[in-house]
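Proteins get letters first, then strands, A, B, ... in listed order; numbering begins at 1 in each. When reading the values below, keep in mind they use all heavy atoms of this one structure, side chains included, and skip hydrogens, waters and symmetry mates.
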Number of protein chains: 2
Amino acid sequence: MSEQSSEMEIVHLLRKVTVEFGLRQAEFASRNGMHPTDVRALICLLDAERAGTDATAGWLGAQLGLNSAGTTAVIDRLEGLGHLTRTRDPRDRRRVLLAVDPRAVELGWAFFGPLIENTVTVLRDFDESETEAVRRFLSAAHQAVTAIA
Amino acid sequence: MSEQSSEMEIVHLLRKVTVEFGLRQAEFASRNGMHPTDVRALICLLDAERAGTDATAGWLGAQLGLNSAGTTAVIDRLEGLGHLTRTRDPRDRRRVLLAVDPRAVELGWAFFGPLIENTVTVLRDFDESETEAVRRFLSAAHQAVTAIA
DNA sequence: CTCTATTATCTCGCTGAGCGAGATAATATC
DNA sequence: GATATTATCTCGCTCAGCGAGATAATAGAG
């Protein structure tokens, strides 16, 4: 029963990280008067910003797996807290572009910063082939996890 | 702006995996008439079983970050779907022990099996030092993510 | 061995996240 | 210019999860 392949052990480890990370997200959310979905929304928006893609309401809803009504509600909440700004897209005035307020980013760093820095510090002690192995593994995992959709 | 350290790239990759995994969980949940929390509950219970620890209602609630009322509701739902069995602990009859039904495990494998097998397959091509690097990284990440609690 | 304190779970009533259906407004097509 | 399509929002509803408190079993003090 406790006979586990080394590979499965790693898969379980990865899953534990994802589960635990979800709990921290929820904690961060409730501490700042938000809900887990709101935090995930902010993460998606920051990813979009980093990637240079326009973040519209509909796009966000698709990312979060919400319908349009739910998406509007998330955006209303985040806008109400001042974490977000709505702007009508001048090129296509049906669309609403979303921009994260810098304060929201700071809030996130205050909570997740230590976690991120810890992780980065660990990686500094890895040699090139080791970081490369981690990157390869995570890329594969990411691909595997998106492939079922 | 697109100047990113190699370490941060890996952190973002890990985060993307966790976010994406959360979406798959939600998808699996709704496909089987459940909610994300129910799926997370099953995962926790299977972990407990694997570790050989008793899974009580209160323990589960703590794992999920729910209060007792919410915990009872989750258990009621899962029991109603036949994914779970309640048993009064004979040693301490205040406690309720939870056991996952084998059918629920099969259901999970049908959905997540391909994902897991893909990931395991990737790892088979890694040599010992590489798997060791992945394990070390994930352990560190797990520790970092639990440390903020 | 009873009385009280503690622990584990459950019940009740309520708030609000997210859904379905449909309204509104801007753009695209013919 | 009439119609179809796309993007977002509004309304009413369901149900997950919360707070407060009930219930039942165990532990401890006298």
Polar pairs (N or O, both sides) under 3.5 Å between protein and nucleotides 1-3 of chain C?
none

(request) Remember a base hit wins even if backbone is also touched, and classify A:Gly61 as base, sugar-phosphate or nothing at under 4.0 Å, heavy atoms. (result) nothing
(request) Report yes if some heavy atom in the side chain of A:Leu60 is under 4.5 Å from a heavy atom in the side chain of A:Cys44; otherwise report no. (result) yes
(request) Please find the earliest and latest nucleotides of DNA chain D, in the 5' to 3' direction, that have an atom within less than 4.0 Å of any heavy atom of chain B. (result) D:dA16 to D:dT26
(request) Run the salt-bridge test on A:Lys16 and B:Asp47 with the 4.0 Å N-O cut-off and return the result as yes or no. (result) no
(request) Hey, which sits more toward the 5' end of DNA chain C by its nearest nucleotide, A:Arg94 or A:Val74? (result) A:Val74
(request) Compute both the distance and the angle, then confirm whether B:Arg136 meets the cation-pi test with A:Phe126: under 6.0 Å from the six-membered ring centre, within 45 degrees of the axis. (result) yes
(message) Do B:Gln63 and A:Leu23 make a side-chain contact, defined as non-hydrogen atoms from C-beta onward lying under 4.5 Å apart?
(response) no
(message) Reading DNA chain C from 5' onward, which residue's closest nucleotide shows up sooner: A:Leu66 or A:Pro90?
(response) A:Leu66
(message) Enumerate the side chain to side chain donor-acceptor pair (under 3.5 Å) contacts for residues 79-90 of chain A, please, sequence neighbours excluded, ordered by first and then second residue.
(response) A:Asp76-A:Arg86, A:Glu79-A:Arg86, A:Asp89-A:Arg95
(request) Might you confirm whether atom CD of A:Gln143 has over 12 heavy atoms from other residues, nucleotides or ligands at distances under 6.0 Å? (result) no
(request) Say whether, by atom type as modelled, one donor and one acceptor occur between the side chain of B:Glu130 and the main chain of B:Asp127 under 3.5 angstrom. (result) yes
(request) Could you tell me whether A:Thr71 contacts a base, only the sugar-phosphate backbone, or nothing, with contacts defined as non-hydrogen atoms closer than 4.0 Å? (result) nothing
(message) Let me spell it out: for each of A:Ala69 and A:Asp92, pick the nucleotide of DNA chain D with the closest heavy atom. Which residue's pick is nearer the 5' end?
(response) A:Asp92
(message) Once rounded to the nearest 0.5 Å, what's the spacing between atom CZ of A:Arg103 and atom CD of A:Glu106?
(response) 8.5 Å
(request) May I have the distance from A:Arg95 (atom CZ) to C:dA28 (atom P), rounded to whole angstrom? (result) 11 Å
